[in-house]
4 protein chains.
Amino acid sequence: MPTPDPARRNERSRRAILDATRALLDETGYAELTVGAIAARAGAGKQTIYRWWGGKSAVVLDALFDTVATGDVALPDTGDLRADLRLVVRATVAEFADPRLSATTRALTVETLSDETMAGEVRDRLLRPQLDAVKDRLRAGGVPADVDLDVAVELIFGPIYHRWLLRTGPLTEDYADRLVDLVMAAIGDRASG
Amino acid sequence: MPTPDPARRNERSRRAILDATRALLDETGYAELTVGAIAARAGAGKQTIYRWWGGKSAVVLDALFDTVATGDVALPDTGDLRADLRLVVRATVAEFADPRLSATTRALTVETLSDETMAGEVRDRLLRPQLDAVKDRLRAGGVPADVDLDVAVELIFGPIYHRWLLRTGPLTEDYADRLVDLVMAAIGDRASG
Amino acid sequence: MPTPDPARRNERSRRAILDATRALLDETGYAELTVGAIAARAGAGKQTIYRWWGGKSAVVLDALFDTVATGDVALPDTGDLRADLRLVVRATVAEFADPRLSATTRALTVETLSDETMAGEVRDRLLRPQLDAVKDRLRAGGVPADVDLDVAVELIFGPIYHRWLLRTGPLTEDYADRLVDLVMAAIGDRASG
Amino acid sequence: MPTPDPARRNERSRRAILDATRALLDETGYAELTVGAIAARAGAGKQTIYRWWGGKSAVVLDALFDTVATGDVALPDTGDLRADLRLVVRATVAEFADPRLSATTRALTVETLSDETMAGEVRDRLLRPQLDAVKDRLRAGGVPADVDLDVAVELIFGPIYHRWLLRTGPLTEDYADRLVDLVMAAIGDRASG
DNA sequence: AGATAATCGAGACGGTACGTCGCGTCTTTTC
DNA sequence: GAAAAGACGCGACGTACCGTCTCGATTATCT
């Protein structure tokens, strides 16, 4: 029976492993992280990690979900769409600009590139909520009906990803604002809220 | 530890190593690729690889430059900016959608993510020419002066990258066209050519 | 940690565990045998094994006693000591030569070698009866008083063990007879019975 | 190519590994010995051990050969066969009686029991020389032609092994002498040398 | 007969050693 | 002196068992 029973899972271990993972990520970074070190730090056996996760990347992913999962992702609706977008775009840009967060995200993206399942997890559990939140705000903002909102949302985040990934330019607040202006124009800036 | 003398370098080995690298990349993918396997396949010694390259990623990068670094990247200028953009965006989307070509891009992106200096190489030697070509076309197309062309170019390629990376939606011709429409609106579609 | 109550012991489990042990010994050999496998095969929990036995070796020992501990070991006394010895030595040699029976002996010997207290059990409960039977026959056979019978008995079985253990020669009927002849000479073959 | 080239073997590593093995055997005993510990102590990689030996038992065996291999095994020939045998039998008995040596020999015998190849090595490289030496001395001692010398030699060592293995009695000097007396009677003690 | 308590099957757990894999260096021999 | 070949020290990997533990579900005695 190579399929363990989730009902009998030890919650204390699970927590200890995720906590240890986050701690080690902060201390040493993703590349230096090893499954053995996580287990040792968590006071767990390696087998316990391999029983419930696929390996290092899966644990890290879970640890990050765990961190992020708290918190409301809904965007504010002040009535001023441009201002609201500026807020979220500036925040996103800042997050990508932070080298600490960036390192782990980068590593996870590598996994994403080579593991289809992983890509799905990242997309659905980490990204989708945020994308949907922006999508909702756009809809509420009176964007013309002929604009494909899915494409529109990616028009916002795509360039940031691209710039971060390929380091084609600085990730500054000024950049964020310019981007918002272009996006507003794209979706018809007569929209007001 | 004396720095090796490039003049005495064996061209035959160099070629064999790069060819082997590409072949193995196709067959097994980047993650499974090992320096030992490249050496064995190339009929080379591992030391020869470490003498002339920094390691796996440097060889891969070189092998990919070697493949790609041909061809003219200038965009056509038919006078119809929207039509010209459609051409290039459709082509790009198709390239990302093709699993075969996608594999190479994937490998490159992995490199980019893992190594700062590699990122620079990829950006400057591979990406920049294409981005600049589009930028030139935009400038020639009469885009208003207040539009930051660097941001504009990324407004085109960012979403494609994003969608490809995170599989948030299909990479179809229809998608390409919608994207172009949004971008045209963003940069002020009164522009004509 | 309360000492378990033997009165409440489940006989069905005990049997199933011993049976499973013997079956697995036959199928895979002692070295490959694991407590987990015994438990699984017996439909028992591992704890049940550790509750009643000290571990793998204790279970194996018990399982083997269980198999062997039947039958009369007394030697015949036809009046012809040489003939009687031939009988028992030929039988012993045949037993060691038989790969099937040999497997069990092998397992037992492994136990004996690994654990002091096990060695005592094997010696006293399994071996001693047979050695004593031969010793009795020798005494009745009129062996001179100055011959140490314990040493004499081992003069018979020692060489067989040695040859079996180290494969220094064939275990044939002819060998058995030669051995008996030497032993008879050693203990003074004027003895008649 | 899973077959390493012995010509390229590093003698320094070989020595360090065998030395470390013997040192650890002395310090901790066979059961507590691990391949990882040997490698660490020898300043070698585990792979180097697995490359040249089959595992722990093979290394230990080799380490013991290495210790024993020095030294002449020929028996003295004083003209008095009984006296000469007493010497060698007393020495053998003393060796088996020593708990330190005994532990390792015991462990190796376990391996011998389950590994045919190993049994051959032990027999041919460790035992045979000694057995042959005794055999030669017997032949020179004028043992009657009708005595099978192979059987005779095992008549000496078999009982010792048996007693050691199964702990059926003490391994003392007195025992050694009694054994020699019986053996001398068996092979016809009119023999003089 | 119902309450009480220990045993039972099952298997997750912390741990240790395993044997393998790949890295980047070092050594030997050949060209 | 570069190159082919591959052994080497190292260290992480993912697996196998160990012996302990926790969890209901079953007995099996004792009120």
Side-chain angles (χ1 to χ4, degrees), chain A residues 1-10 12-13 16 32-37 39-40 42-52 54-56, chain B residues 1-2 4-10 12-14 16 32-37 39-40 42-52 54-56, chain C residues 1-10 12-13 16 32-37 39-40 42-52 54-56, chain D residues 1-10 12-13 16 32-37 39-40 42-52 54-56:
Chain A
M1 284 110 201
T3 39
D5 178 357
R8 308 194 46 173
R9 181 165 188 181
N10 185 330
R12 200 215 287 299
S13 296
E32 282 68 38
L33 192 63
T34 70
V35 174
K46 286 201 291 172
Q47 196 63 252
T48 301
I49 294 181
Y50 285 110
R51 196 179 348 259
W52 301 111
K56 172 166 105 166
Chain B
M1 87 235 0
D5 177 0
R8 306 196 54 165
R9 183 167 188 181
N10 184 331
R12 199 213 293 298
S13 293
R14 201 187 72 89
E32 283 68 39
L33 192 65
T34 70
V35 174
K46 287 201 293 171
Q47 193 58 244
T48 304
I49 293 180
Y50 285 109
R51 184 160 21 239
W52 301 111
K56 169 167 110 166
Chain C
M1 86 231 0
T3 27
D5 178 0
R8 309 197 50 162
R9 182 167 187 180
N10 185 331
R12 195 205 309 289
S13 292
E32 282 70 38
L33 194 64
T34 70
V35 174
K46 287 201 293 172
Q47 193 60 246
T48 303
I49 293 180
Y50 285 110
R51 193 178 354 256
W52 301 111
K56 169 167 110 166
Chain D
M1 284 113 200
T3 39
D5 178 358
R8 307 195 46 174
R9 182 166 188 180
N10 185 331
R12 201 216 285 299
S13 296
E32 281 68 39
L33 193 64
T34 69
V35 173
K46 285 200 293 172
Q47 196 64 250
T48 302
I49 294 181
Y50 286 109
R51 186 165 15 242
W52 301 112
K56 171 167 106 167

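These figures come from a predicted structure and were not determined experimentally. Heavy-atom basis, side chains included; hydrogens, waters and symmetry copies ignored.
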Among all residues two or more places apart in sequence or in another chain, which pass the side-chain contact (heavy atoms from CB on, under 4.5 Å) test with [X]?
| X | result |
| --- | --- |
| B/A16 | B/A42 |
| C/R12 | C/N10 |
| B/A37 | B/L24, B/T34 |
| A/Q47 | A/Y50, A/R51 |

Gap between atom CZ of C/R9 and atom OG1 of C/T48 - 0.5 Å precision: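 Spacing of OG1 (C/T48) from CZ (C/R9) equals 9.5 Å.
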Extract from the structure each pairing of a protein N or O with an N or O of nucleotides 21-25 of chain E at less than 3.5 Å, listing the distance.
unit_1: E/dC21; atom_1: N4; unit_2: D/Q47; atom_2: NE2; d: 2.8
unit_1: E/dC23; atom_1: OP2; unit_2: B/V35; atom_2: N; d: 3.1
unit_1: E/dG24; atom_1: OP2; unit_2: B/Y50; atom_2: OH; d: 2.7
unit_1: E/dG24; atom_1: N7; unit_2: B/K46; atom_2: NZ; d: 3.2
unit_1: E/dG24; atom_1: O6; unit_2: B/K46; atom_2: NZ; d: 2.6

So does D/L33 get a backbone contact from the side chain of D/K56, meaning a donor-acceptor N/O pair under 3.5 Å?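 At least one qualifying donor-acceptor pair exists.
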Protein-nucleic acid N or O pairs under 3.5 Å, nucleotides 28-30 of chain F:
none

Does [N] have OP1 or OP2 under 4.0 Å away from a side-chain N or O of [X]?
| X | N | result |
| --- | --- | --- |
| B/R51 | F/dA3 | yes |
| D/W52 | F/dC8 | yes |
| D/S13 | F/dA7 | no |

Residue D/T48, side-chain atoms from C-beta onward, closest of F/dA3, E/dG14, F/dC8: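 Nearest listed nucleotide: F/dC8.
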When you match C/R12 and D/R9 each to their closest nucleotide on DNA chain F, which lands nearer the 5' end?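 Taking each residue's closest nucleotide, the earlier one in sequence belongs to D/R9.
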If you take all heavy atoms of D/G36 and D/K46, which pair is closest and at what distance?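 Distance-wise, the nearest heavy atoms are CA-CD, 3.8 Å.
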A/I49 to A/V35 - nearest heavy-atom pair and separation: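 Reported closest heavy-atom pair: CD1-O, 3.9 Å.
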